[in-house]
Amino acid sequence: MNPMKSNNEPAGAPSAPAPSDVAADLIAAVEEALDAGTAPAPSAPLGKGPEATGGTGAQSPAPALAYFRDDSPVPSVGDALPVAQPGRPPMSPRATDVSVVMLAGGAGVLMAGGGTGFALWALAGVSPVTLALAVGAPVAVVAALARLVRSAGQAAVQAAPVTHHHTYSGPVAQTNTSTTATTARGLFARNVTKER
């Protein structure tokens, strides 16, 4: 006995086709139409039925295209109500720029704070002496290298003094005159030497 049949149906009544049979018939009909290369004509296009032809029933041939393109210009302002669009609300360009800067700044502060917190959490178990050595050692190395470079530069200048070679032809009278003027004034002043 079929569990889908109702008890009220007579035994000899034809049953409705199963949904899969209807779908298979529809697919077969579409495939046949595609193989034949023709589309089924509409039964009565709008404005082309018997009432439009004066009751004779003569219909014009069906259009070959199944779509219609409206080339009329679209009005710049319509009568439809505004609809809220998804996403961020509309803002002025300046407000948008400021909000982007604020978001980027917040992300930067969050990353810096998270990194600092992680570093402090990781250093919680380190002894103060080890921490002082780890922080002070790079500073001491940089200071020592800077002093070494400066003293090497001064030694190079002192080892090779600048020499001037002047070659003259004929009698020469040379006079060296130097006048020093000081313009030091104020609490923190710098002496400026000007030669005239």
Side-chain angles (χ1 to χ4, degrees), residues 1-126 130-131 134-139 141-143 145-146 149:
M1 180 173 195
N2 189 356
M4 299 296 286
K5 281 191 176 182
S6 164
N7 290 338
N8 297 338
E9 290 184 14
S15 63
S20 61
D21 295 339
V22 172
D25 292 342
L26 180 61
I27 291 172
V30 169
E31 287 177 350
E32 287 176 11
L34 289 175
D35 289 341
T38 60
S43 58
L46 293 177
K48 302 289 184 185
E51 63 279 355
T53 57
T56 60
Q59 294 183 358
S60 62
L65 301 176
Y67 65 91
F68 172 74
R69 179 176 178 154
D70 185 8
D71 291 325
S72 61
V74 179
S76 59
V77 178
D79 55 355
L81 296 175
V83 178
Q85 301 297 314
R88 295 169 65 180
M91 297 183 288
S92 69
R94 186 173 185 278
T96 303
D97 294 342
V98 169
S99 69
V100 168
V101 167
M102 286 190 295
L103 289 173
V109 168
L110 179 65
M111 287 187 283
T116 303
F118 179 74
L120 292 175
W121 175 78
L123 295 174
V126 178
T130 306
L131 186 60
V135 171
V139 174
V141 168
V142 169
L145 287 176
V149 168

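Position 1 is the first residue of the sequence, and the numbers go up from there.
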Fill in: Side chain proximity check, L145 to V149, heavy atoms < 4.5 angstrom
no

Worksheet item: Could you state the interatomic distance from CD (E31) to CG (L26), rounded to the nearest 0.5 Å?
Response: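 If I round to the nearest 0.5 Å, the distance is 10.0 Å.
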
Worksheet item: What's the shortest heavy-atom distance between V126 and L131, and which atoms?
Response: CG1-N, 4.0 Å

Donor-acceptor contacts, no H, no angles, side chain residues 98-115, under 3.5 Å, sequence neighbours left out:
{"from": "S99", "atom 1": "OG", "to": "R88", "atom 2": "NH2", "distance (Å)": "2.9"}
{"from": "S99", "atom 1": "OG", "to": "A95", "atom 2": "O", "distance (Å)": "3.3"}
{"from": "S99", "atom 1": "OG", "to": "T96", "atom 2": "O", "distance (Å)": "2.8"}

